[in-house]
Number of protein chains: 2
Amino acid sequence: MNTKYAGFESPGITVDLVLFTVNENHLKGMLVKRAEEPFRNDWSLPGGFIKLGESLDDAAQRILVEKTGVSDVYMEQLYTFGAPKRDPRSRVITVAYIALIPWQSLPQPESDKVTDLGWFPVDQLPKLAFDHKEIIHYAATRLRAKVSYSNIVYGLMPKQFRLSELQSMYESIINDKLDKRNFRKRMLATGLLKETGKKDIAGAHRPAMLYQFKSKEIVFL
Amino acid sequence: MNTKYAGFESPGITVDLVLFTVNENHLKGMLVKRAEEPFRNDWSLPGGFIKLGESLDDAAQRILVEKTGVSDVYMEQLYTFGAPKRDPRSRVITVAYIALIPWQSLPQPESDKVTDLGWFPVDQLPKLAFDHKEIIHYAATRLRAKVSYSNIVYGLMPKQFRLSELQSMYESIINDKLDKRNFRKRMLATGLLKETGKKDIAGAHRPAMLYQFKSKEIVFL
DNA sequence: ATACTAAGTGTATAATGAACACTAAGTATG
DNA sequence: CATACTTAGTGTTCATTATACACTTAGTAT
């Protein structure tokens, strides 16, 4: 599989996707069960080899669509992992991407069918193929840091939401409680949110105003 | 040069180095003049193909030593660039690294010899090969951001220095003036510096205390 | 002795972040 | 239909941090 170029062997290149969502107050990553050796039947990140005509971003996008049927989600390049022995068969370098998707946007799995897809809390991962555990942890660390100085949670929220849902999103990611009044002040002070005028009338309690982000731009605060 | 693997062509992989220093109040990047096509005689980033048994970090380190004779400098992976046409001949993906070196640590070029190495202010770059201008600008943006929330300037300072030299370093990188008293307060408050006890007696003026970093750790502030 | 240069130092004000508890508006229930 | 229940919504005080700002000190050069 490897070849010579200018006197050097050329490794293979893959793109791996760390696809995050938040559900039941947990930051979760999507894994797929490997059908082939090595690591057959272990869980792993969705990924694949890069095609000759496609950019790295395009490859990540393609893999996302192949595995989830979803497109138009937030994605960014994370890091490139290239330890010589990370694939036991041969030299493979992987460019890892982070992608974020709101739980509500995920296609419902057909519940009566066994699936090779799973969502796992990032702090309770099963045995993973290759160096994928390291990659997910690196991704989670980046996401958790970025949450505190950007509006990257945009990528995980449904179109409209209550402020309490937004707060819960932050709390799930950083794994800590936040003060309600300070949180609301801070969020509204960013100027990135707007009221929709609609109210969420679900539940036996006072209805909440629904908000949305004014723009899909991810900005540093 | 490309080969098949699992039905996909395998691109070549290089590592390119954005080596920064600061000199004469300017953030400068090191460039090498290309001896071969494509882009023969244009300036470019130092780089090279990855060897089969070496990690990405090792490759970056090797290229650093090959081009400068220096090792033991601060390095971090920057980003991976993989646009399909970034190399006009064939598909090559490059993993870019940032490296920092104090101007004082650079080996003196033999001045009577024409050299294929040059240091250029990042805001006054010559025509560059490939997408290397984009890479340098991306690197400079990252460095400028990181300077404000870490002690990454450690990698650019000599062992001992006056606080005014440290301030000048910050000012050169961010291209802005800082308040002397506030700067000193802030730096000393980090607890990362210590007095050496020595004084710098150069110049017709009051001698300055020399400081050094307590540790080589790069930390977030 | 005087001029010159960079080193070194403190305070007042503004802005930001953190702690903290009650009232409001609905639904469910007996 | 009165009461219990649940989540929504709202301000103030205090501590910390960031900013603006100017003069004295210690040496060298002439």
Side-chain angles (χ1 to χ4, degrees), chain A residues 22 24-25 144-151 153 157-158 160-213 219-221, chain B residues 22 24-25 144-151 153 157-158 160-172 174-212 219-221:
Chain A
V22 171
E24 295 169 326
N25 297 325
R144 284 173 166 143
K146 208 152 183 174
V147 149
S148 69
Y149 61 82
S150 79
N151 64 332
V153 294
M157 298 299 294
Q160 305 196 338
F161 46 84
R162 296 173 287 154
L163 287 183
S164 60
E165 291 173 315
L166 186 62
Q167 180 174 349
S168 166
M169 174 62 62
Y170 276 87
E171 291 175 337
S172 299
I173 295 171
I174 65 176
N175 230 323
D176 204 358
K177 286 284 171 198
L178 298 171
D179 178 86
K180 182 160 73 160
R181 279 173 291 187
N182 292 337
F183 177 81
R184 288 170 171 245
K185 254 181 296 179
R186 211 153 22 86
M187 283 301 129
L188 296 175
T190 63
L192 299 173
L193 296 175
K194 67 173 177 215
E195 298 187 355
T196 63
K198 292 181 232 166
K199 296 219 169 188
D200 177 2
I201 50 171
H205 52 79
R206 176 172 176 178
M209 175 61 67
L210 291 175
Y211 288 81
Q212 59 183 230
F213 282 96
V219 298
F220 294 168
L221 302 177
Chain B
V22 170
E24 296 171 325
N25 297 324
R144 285 173 166 144
K146 209 152 183 174
V147 149
S148 68
Y149 62 84
S150 79
N151 64 333
V153 294
M157 298 298 294
Q160 305 195 338
F161 46 83
R162 296 173 286 155
L163 287 183
S164 60
E165 291 173 316
L166 186 61
Q167 179 173 349
S168 165
M169 174 63 63
Y170 275 88
E171 291 175 336
S172 299
I174 64 176
N175 230 323
D176 203 359
K177 286 283 170 199
L178 298 172
D179 178 87
K180 181 160 74 161
R181 279 174 291 186
N182 292 336
F183 177 81
R184 287 169 171 245
K185 254 180 296 179
R186 210 153 22 87
M187 284 301 129
L188 296 174
T190 63
L192 300 172
L193 295 175
K194 68 172 178 217
E195 298 187 354
T196 63
K198 290 182 235 166
K199 298 219 170 190
D200 179 3
I201 50 170
H205 52 78
R206 179 173 176 176
M209 174 63 66
L210 290 175
Y211 287 80
Q212 60 183 229
V219 299
F220 295 169
L221 303 178

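Quick caveat, the model's predicted, so the values are computed rather than measured. Note that these values count all heavy atoms, side chains included, but never hydrogens, waters or copies made by symmetry. A, B, ... follow the sequence lines: proteins, then strands. Residue 1 opens every chain.
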Kindly say if R184(A) contacts the phosphate of dG9(D), meaning a side-chain N or O under 4.0 Å from OP1 or OP2.
yes

Just say parallel, tilted or perpendicular for the rings of Y170(A) and F183(A), cut-offs at 30° and 60°.
perpendicular

Proximity to the side chain of R206(B) - top-ranked nucleotide from dA26(D), dT7(D), dA22(D)
dA26(D)

Report the distance from atom CG of D200(B) to atom P of dT28(D), rounded to the nearest whole Å.
12 Å

Take the protein atom NE2 of H205(B) and the nucleotide atom C1' of dT25(D), then report the distance between them rounded to whole Å.
13 Å

Assign each of D179(A) and K199(A) to its nearest nucleotide of DNA chain C by heavy atoms, then name whichever residue's nucleotide is nearer the 5' end.
D179(A)

Out of curiosity, M157(B) CE to N151(B) CG, how far, rounded to the nearest 0.5 Å?
12.0 Å

Can you establish whether the number of heavy atoms outside I201(B) located under 6.0 Å from its atom CD1 is more than 12?
no

Assert: residue with more 5' nearest nucleotide on DNA chain D, out of M209(A) and A204(A), is A204(A)

What protein N or O atoms touch nucleotides 12-17 of chain D N or O atoms at under 3.5 angstrom, if any, and at what distances?
residue	atom	partner	partner atom	Å
dT12(D)	O4	K185(A)	NZ	2.9

Could you list where the contact with chain A starts and ends along DNA chain C, reading 5' to 3', using a 4.0 Å heavy-atom cut-off?
dA18(C) to dA28(C)

Nearest-Å distance, CZ (F183(B)) to P (dT19(D))?
14 Å

